[in-house]
Structures are given as C-alpha cells and as structure tokens.
Protein chains: 2
Amino acid sequence: MTAPPRPTVRSKRAADILAAARHILEEEGADALTMRRLAAALGVQAPSLYKHFPTKRALEGALVEQGMLELGSALHGAIEAAGRRRVPVSRLLETYRKAALANPGLYRLATAGPLVNEALADGLEAWAGEPFFLATGDPWNAQALFSFAHGMVMLELDGRFPPGSDLGRTWRAGAVAFSYGRRA
Amino acid sequence: MTAPPRPTVRSKRAADILAAARHILEEEGADALTMRRLAAALGVQAPSLYKHFPTKRALEGALVEQGMLELGSALHGAIEAAGRRRVPVSRLLETYRKAALANPGLYRLATAGPLVNEALADGLEAWAGEPFFLATGDPWNAQALFSFAHGMVMLELDGRFPPGSDLGRTWRAGAVAFSYGRRA
DNA sequence: TTGACAGGCTAACAAAGTTAGCTAATCTGG
DNA sequence: CCAGATTAGCTAACTTTGTTAGCCTGTCAA
C-alpha cells in the first residue's frame with residue numbers, strides 16, 4: 001500500500017480562493033467559474049487572483065488535486081475497511097460512484113480535457129488507482145474496471161443514459177462481470 | 001434491428017462548412033476550432049457562418065451527429081458481419097475502439113460536456129447503442145459494456161493510462177469480463 | 001422588371017483570461 | 001526604530017472569442 005501523497009501546501013488566502021472556487025463550481029457549474037466571478041465572491045478584483053495562482057488552469061489543477069485526493073482517500077478507505085480480505089468489486093464500485101457523484105463539477109473537471117493535471121503530483125493518479133489493483137489482482141482487470149467506473153460516472157453525470165434506466169442494476173452488472181478474477 | 005436514422009439534410013455550403021470544421025478539429029484540435037479560424041479556412045468572414053448555423057453549438061451538434069452516425073454504422077456493420085450469430089463482445093469492442101480513435105476530436109466533442117447533443121435526432125443515440133444490447137443480450141450488461149468502452153476510449157484519448165500500459169490487454173480483459181452472458 | 005432571398009461584408013459589443021504598473025500595508029534585518 | 005523588500009490589492013487596458021446589427025450585391029421567380 002502506497003502512502004497517501006501529501007497535498008501541496010498553500011497560503012491561507014490561496015486555500016480560501018480554492019474553497020470559493022469549489023463552491024462556485026459545484027453550486028453554479030463550470031461555466032460560472034470565471035476569474036471575475038470568483039474574485040467577486042471573495043470581494044476582490046479579478047487580477048488580484050493572479051497574485052496567488054499564475055493562471056486559471058493552475059487554479060483548476062489545484063482543485064483537481066483536491067478531488068483526486070478525496071476520491072483516492074475514499075477508495076483506500078474501502079480497502080482498509082476490508083481488512084486482510086480482498087475488497088469485493090461491488091463494494092469498491094459503490095464507493096467510487098458515491099464519491100464521484102458527491103462532487104460532480106470537480107469530477108468532471110478532474111477528468112475532462114486532455115491534461116488539466118500537468119503538474120499533478122505524479123504519484124497521485126497512481127495512488128488513487130491502486131485500490132482497483134487490490135480489488136482485481138492484476139493490472140489489466142484493474143484498468144478495465146476503472147474504465148468501467150469512469151465511463152459510468154461520466155455518462156451518469158452527463159445524463160447520457162436513457163431516462164428510466166436502472167443504473168443501480170447496471171453498476172451491479174459491471175460488478176458481477178469484473179468479479180471472480182477471470183484472466184484475459 | 002432499428003433502421004439507421006437519416007442524417008439531417010443540409011445545403012451544400014453548410015456541408016462544406018462542416019467538412020472544414022471537421023478538418024480543423026482533427027488536425028489542430030478543439031481549441032483551434034473557432035468561428036474566425038473556420039471562416040478563414042473557407043475564405044470568408046466569421047459572421048457569414050451565422051447564415052448557415054445559428055450558433056457555434058449548433059455547428060458542433062451537426063458534427064456530433066456525423067460522428068454518431070459513423071460510429072453507429074461501424075458497430076452495426078460488425079453486427080451484420082456476424083450474420084445470425086451473436087457478435088462476440090471482443091469483436092464489438094475492437095470495432096468501437098478503432099472507430100472512436102480514428103476521429104479523436106470528434107469523439108471527444110460528441111461525448112464531452114453535459115449536453116452538446118440537444119436536438120440530436122432522438123433515436124440516434126439509441127440506435128448507436130443498440131449493438132451493445134445485441135452483443136450482451138440484456139440492457140444492463142449492454143449499458144455496462146458501453147460504459148467500459150466509453151471509459152477506455154476517453155482515458156486512452158486523454159493519455160490517462162500510465163505509460164507502457166498494454167492497452168490491448170486491458171481491452172481484452174474487459175471483453176472477457178463481459179462475455180459469457182452472466183446476469184446481475 | 002421587380003422584389004424577395006441568399007450569402008457575403010464591416011463595425012461593434014460583451015465576456016473571458018490576462019498583463020502592466022501603481023499603491024498601501026506589513027514584515028524583516030540592521 | 002527605521003528602511004527596504006515583500007505581499008496583496010487596485011485600475012486600465014489588451015486579446016480572443018462568440019455573436020449581433022445593419023448594409024450591399026447578385027440570382028431568380030412572378
């Protein structure tokens with residue numbers, strides 16, 4: 001088990017900005033997260049934000065780091081809760097779904113576009129993905145299971161499933177498919 | 001088997017614009033697809049484009065329709081090639097992967113953000129998804145399999161897998177997991 | 001022939017990220 | 001305790017982007 005990566009340390013002010021940004025992101029959507037809107041929420045003018053983050057993408061990157069850290073923590077929590085036994089795939093998926101849907105804006109931000117993560121502490125993504133390896137036992141099923149979970153969350157967030165779909169059952173179908181450790 | 005939806009009919013000029021847009025999208029990326037850049041490629045000024053599409057999103061929507069139609073055709077082609085037998089999941093996935101990665105910009109456009117599809121001919125999405133039902137035999141495994149495929153493509157396009165990953169093997173792991181028609 | 005319409009044009013706006021350069025406060029080293 | 005540096009704010013302004021308004025010209029049908 002890899003150690004959880006330490007979050008980047010930031011000034012109090014920078015942390016406040018991130019909190020405000022996150023609030024706007026979740027309450028009003030990604031489009032509402034503009035530098036001017038964010039500045040206004042902090043009672044400040046837009047250019048002042050650049051004293052704390054060099055660019056909007058950097059600010060988003062910091063949000064992504066937070067999101068990944070929280071998601072990773074949730075997943076590792078599920079692993080630990082299982083003690084010495086292997087986590088059931090279904091349990092891991094439930095955790096993933098719940099954690100991801102709890103912060104839709106952040107999740108989309110973290111996994112949209114080619115590379116918002118740039119300087120994303122390198123180990124972070126690997127660490128967050130580790131539970132999938134622990135649940136499946138091999139890297140290929142781990143990646144496949146992760147892809148399934150990611151696809152489900154994205155499609156669910158984007159309302160891409162036909163109305164009336166029993167998504168719980170779809171998640172369960174995936175869980176069944178990836179259980180019992182079959183090899184490719 | 002549902003009939004393939006007819007593509008929206010458009011004027012010659014509108015079709016030309018879409019072709020140019022698609023070219024820019026694939027050659028230079030989504031950021032390069034601006035109204036001015038597109039207009040320039042057509043030897044025209046930006047506002048002229050609004051004689052043919054009411055908004056940039058409408059133009060993107062038309063591109064998405066094209067993409068979905070092509071992807072759906074590829075998948076249905078795989079179904080037909082199997083004749084009366086059920087398509088192997090692995091075969092369907094290979095088709096999906098190949099078709100999606102052949103037009104990365106278009107694929108991302110079609111499946112990014114909450115709703116680019118708006119007026120997307122309603123049956124189109126259902127029609128494109130039908131092959132997954134035919135390959136798995138029930139709607140829940142169909143949706144789960146689709147989510148897996150979608151997640152794989154997105155992560156692959158975004159370079160989210162650790163370098164050196166054997167993605168072919170990951171796709172195969174997914175294929176194995178979703179074969180043999182297990183029920184949730 | 002006349003009038004509608006199709007399809008182009010220029011000028012311009014608003015919103016977005018961002019930069020430059022100023023200033024007031026606060027902290028720090030001698 | 002003061003001087004200089006740093007911090008963190010400000011205003012003004014620039015660029016890029018989508019988009020609108022309003023004009024003009026050619027084509028084609030009544």
Side-chain angles (χ1 to χ4, degrees), chain A residues 8-64 105-106 108-110 112-119, chain B residues 8-64 105-106 108-110 112-119:
Chain A
T8 309
V9 277
R10 285 177 222 285
S11 72
K12 171 82 170 57
R13 192 62 174 143
D16 289 346
I17 293 174
L18 286 180
R22 191 160 169 176
H23 187 260
I24 293 173
L25 180 63
E26 296 299 355
E27 300 301 314
E28 306 174 39
D31 286 349
L33 183 57
T34 76
M35 295 305 264
R36 284 174 175 84
R37 173 79 188 73
L38 174 57
L42 292 156
V44 135
Q45 296 290 21
S48 301
L49 299 176
Y50 290 83
K51 300 289 173 167
H52 303 275
F53 294 92
T55 193
K56 193 194 180 186
R57 283 179 63 99
L59 194 151
E60 291 174 336
L63 286 180
V64 168
L106 198 50
R108 235 197 237 105
L109 187 66
L115 283 179
V116 192
N117 49 344
E118 292 174 4
Chain B
T8 308
V9 277
R10 284 177 223 285
S11 71
K12 171 82 169 56
R13 192 62 174 144
D16 290 346
I17 293 174
L18 286 180
R22 191 161 169 177
H23 187 259
I24 293 173
L25 179 63
E26 296 300 354
E27 299 303 314
E28 307 174 40
D31 286 349
L33 184 55
T34 76
M35 296 305 264
R36 283 174 176 82
R37 173 80 189 74
L38 175 57
L42 291 156
V44 134
Q45 296 290 24
S48 300
L49 299 176
Y50 289 83
K51 299 288 174 163
H52 303 275
F53 294 91
T55 192
K56 193 193 181 190
R57 283 180 63 99
L59 194 152
E60 292 174 336
L63 286 180
V64 168
L106 199 49
R108 235 197 239 103
L109 187 66
L115 284 179
V116 191
N117 49 346
E118 293 173 5

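Lettering follows sequence order; numbering is per chain, from 1. All values below were derived from every heavy atom in this structure, side-chain atoms included, with hydrogens, water molecules and symmetry-related copies excluded.
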Study note, to complete from the structure: For A/Leu106 and A/Leu25 the tightest heavy-atom approach is N-CD2, 3.7 Å

Review point. Who passes salt bridge (Lys or Arg N to Asp or Glu O under 4.0 Å) against B/Arg13, sequence neighbours left out?
Key: none

Exercise for review: Mind listing the closest non-hydrogen atom pair of B/Val64 and B/Ala110 along with its distance?
Suggested key: CG2-CA, 3.6 Å

Practice item. Report the residues that fulfil side-chain contact (heavy atoms from CB on, under 4.5 Å) with B/Ala58, sequence neighbours left out, ordered by chain and then residue number. Key: B/Pro54, B/Thr55

Check your understanding: Within the pair A/Thr55 and C/dT18, is there a side-chain N or O less than 4.0 Å away from OP1 or OP2?
Key -> yes

Practice item. Figure out the CG/P separation between A/Asp31 and D/dT17, and round it to whole Å. Key: 17 Å

Check your understanding: Within this structure, what is the CG-to-P distance between A/Leu38 and C/dT18, rounded to whole angstrom?
Key -> 12 Å

Check your understanding: Once each nucleotide of nucleotides 5-16 of chain D is scored for protein heavy atoms under 4.0 Å, what B/S/- sequence comes out, 5' to 3'?
Key -> ---BBBBBB---

Revision key, fill the gap. Taken to the nearest whole Å, CD/B/Glu60 to P/D/dT19 is 9 Å

**Study point:** Nearest-angstrom distance from the residue atom CZ of B/Phe53 to C1' of D/dT19
**Key:** 16 Å

Only distances under 3.5 Å count here; give the side-chain donor-acceptor pairs of residues 35-53 of chain B to other protein atoms, sequence neighbours excluded, each with its distance to 0.1 Å.
| residue | atom | partner | partner atom | Å |
| --- | --- | --- | --- | --- |
| B/Arg37 | NE | B/Glu28 | OE1 | 3.2 |
| B/Arg37 | NH2 | B/Glu28 | OE2 | 2.6 |
| B/Ser48 | OG | B/Gln45 | O | 3.4 |

Practice item. Provide the closest heavy-atom pair for A/Ala32 versus A/Ile24 in the form atom of the first, atom of the second, distance. Key: O-CG2, 3.7 Å

Revision key, fill the gap. Rounding to 0.5 Å, atoms CZ (A/Arg10) and CG (A/Asp16) come to a distance of 12.5 Å

Check your understanding: Roughly how many Å is it from OH in B/Tyr50 to P in C/dC9, rounded to a whole number?
Key -> 14 Å

Check your understanding: Which whole-number value in Å describes the distance from B/Arg37 CZ to D/dT19 P?
Key -> 18 Å

Practice item. Using a cut-off of strictly less than 4.0 Å between a heavy atom of the residue and any atom of DNA chain D, enumerate the qualifying residues of residues 18-25 of chain A by number. Key: none

Exercise for review: For B/Ala19, check side-chain contact (heavy atoms from CB on, under 4.5 Å) against everything at least two apart and list the hits.
Suggested key: none

